[in-house]
Protein chains: 2
Amino acid sequence: METYCKFETALDILVGKWKPVILLRLFEHGTMRFSELQKAIPDITKKMLTQQLRELEYHDIVHREVYQQVPPKVEYSITEYGRGMHTVLKAMNDWGVSHIEHLNELYGENRLKEKGSR
Amino acid sequence: METYCKFETALDILVGKWKPVILLRLFEHGTMRFSELQKAIPDITKKMLTQQLRELEYHDIVHREVYQQVPPKVEYSITEYGRGMHTVLKAMNDWGVSHIEHLNELYGENRLKEKGSR
DNA sequence: CAGCATCCTATCGGATACTG
DNA sequence: CAGTATCCGATAGGATGCTG
């Protein structure tokens, strides 16, 4: 079996404390301004939001549109290419949902996050 | 769209510097002893190997079989449940492979890992 | 408004030594 | 052989303040 050498690559791109939430919002709302993202994700700082968006932008998952005006306006959206992640995200999400149930069966409810999950 | 809330869960379980390699080896070889895993992954330390295996074990992805004998013998394998991740891993791997090509088109070859990918 | 720069800390991961 | 314990450095992430 010569596969599974590059799923680490996918992992790298998705990892980051806020990437999941950011992607979720952008997939839901389509296009959002920087400030809208901030409001939608209350606990995130500007620094983190910028940083994570830049990484996603580098990987061509997210598009950054700057409007040259005062006050500034910048809009973020999922790229055409980024939509190709839909399958992967869905696969991961579905597995995640069922896995939570599985863990509950194993250890009982309300025990996630307590042990072993770093 | 009410989905994509839990793909973060899948992410958490797969994240860890060595989890991808460990899973890869176990999927390939089926069952491996602690020392075999060490040899198969030269740069990993015992501490890291133990730690990552314990996390995977907690999530019921990996099974730990202890043989009560001297010298000790412990074997690791993917659980029945763990095999259910196959779909997800494959989806991620396939996307990873194509994404590397995509990045090469965007930025040219040999430029991965240089920018933005944390 | 949408950031960047600076500083700080918490967590992750590595090196090394010891043990049943 | 298969770990555990301890220490230690690197890095991810957070708080705060400044700016075009």
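In what follows, chains carry the letters A, B, and so on, assigned in the order in which the sequence lines appear, proteins first and then strands, with residues in each chain numbered from 1. What you see below is based on every heavy atom in this structure, not just the backbone, and it leaves out hydrogens, waters and symmetry mates.
Near DNA chain D, defined here as any heavy-atom distance below 4.0 Å, there are no residues from residues 30-38 of chain A. Sorted by residue number, the members of residues 61-76 of chain A with any non-hydrogen atom under 4.0 Å from DNA chain C read A:Arg64, A:Pro71, A:Pro72, A:Lys73, A:Val74, A:Tyr76. Less than 4.0 Å separates DNA chain C from at least one heavy atom of each of the following residues of residues 43-50 of chain B: B:Thr45, B:Lys47, B:Met48.
Remark: side-chain polar atoms of B:Glu8 are not paired, donor with acceptor, to backbone N or O of A:Pro20 under 3.5 angstrom.
Residues that satisfy the ring-ring contact (aromatic ring centres under 6.0 Å, His included) test with A:Trp95, not counting sequence neighbours, are A:His99. For B:Arg33, there are no salt bridge (charged side-chain N to carboxylate O under 4.0 Å, His left out) partners, not counting sequence neighbours. A:His102 meets the side chain to side chain donor-acceptor pair (under 3.5 Å) test with B:Asp60; sequence neighbours excluded. In this structure, the salt bridge (charged side-chain N to carboxylate O under 4.0 Å, His left out) partners of A:Glu57, at least two apart in sequence or on a different chain, are A:Arg54.
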### Message
Does A:Ile78 form a side chain to side chain contact (heavy atoms under 4.5 Å, CB included) with A:Leu23? I'd like the steps, not just the answer.
### Response
CA-CA 8 Å; A:Ile78 306 285; A:Leu23 288 174; 4.0 Å; yes

### Task
Go through the steps for B:Phe34 and B:Thr50 under the test side chain to side chain contact (heavy atoms under 4.5 Å, CB included), then give the verdict.
CA-CA 9 Å; B:Phe34 188 86; B:Thr50 309; 3.6 Å; yes

### Query
Are B:Arg25 and B:Met32 close enough, and set up right, to give a side chain to side chain contact (heavy atoms under 4.5 Å, CB included), and what steps lead you there?
CA-CA 8 Å; B:Arg25 302 298 175 192; B:Met32 296 178 79; 3.9 Å; yes

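Taking atom CD on A:Gln51 and atom C1' on D:dT11, their separation rounds to 11 Å, with Å as the unit. Here the P atom of nucleotide D:dA2 and the CD atom of B:Glu57 are 15 Å apart, to the nearest Å. Going from atom CD of A:Gln52 over to atom C1' of C:dC4 covers 16 Å, rounded to whole Å. In this structure, CD1 of A:Ile22 is placed 14 Å from P of C:dA2, rounded to the nearest angstrom. Protein atom CZ of B:Arg54 is 17 Å distant from nucleotide atom P of C:dG13, rounded to whole Å.
Taking CD1 from B:Ile44 and CG from B:Leu37, the interatomic distance works out to 8.0 Å, rounded to the nearest 0.5 Å. Once rounded to the nearest 0.5 Å, the distance linking CG of A:Asn93 with CG of A:Leu24 reads 9.0 Å.
One end of the helix from C:dC1-D:dG20 to C:dG20-D:dC1 points its axis 50° away from the other end's axis, with each axis taken from 5 pairs and the angle rounded to 10°.
Under the 4.5 Å side-chain contact rule for hydrophobic residues, B:Val21 and B:Val97 do not share a cluster.
Sequence neighbours left out, not one pair with a member in residues 39-51 of chain A passes salt bridge (Lys or Arg N to Asp or Glu O under 4.0 Å).
Contact between the side-chain N/O atoms of B:Trp18 and the OP1/OP2 oxygens of C:dG14 is found at a separation under 4.0 Å.
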Tabulate below the donor-acceptor pairs under 3.5 Å that side-chain atoms of residues 65-76 of chain A make, not counting sequence neighbours, or state none.
{"from": "A:Glu65", "atom 1": "OE1", "to": "A:His63", "atom 2": "NE2", "distance (Å)": "2.8"}
{"from": "A:Tyr67", "atom 1": "OH", "to": "A:Glu75", "atom 2": "OE1", "distance (Å)": "3.0"}
{"from": "A:Tyr76", "atom 1": "OH", "to": "A:Arg64", "atom 2": "NE", "distance (Å)": "3.2"}

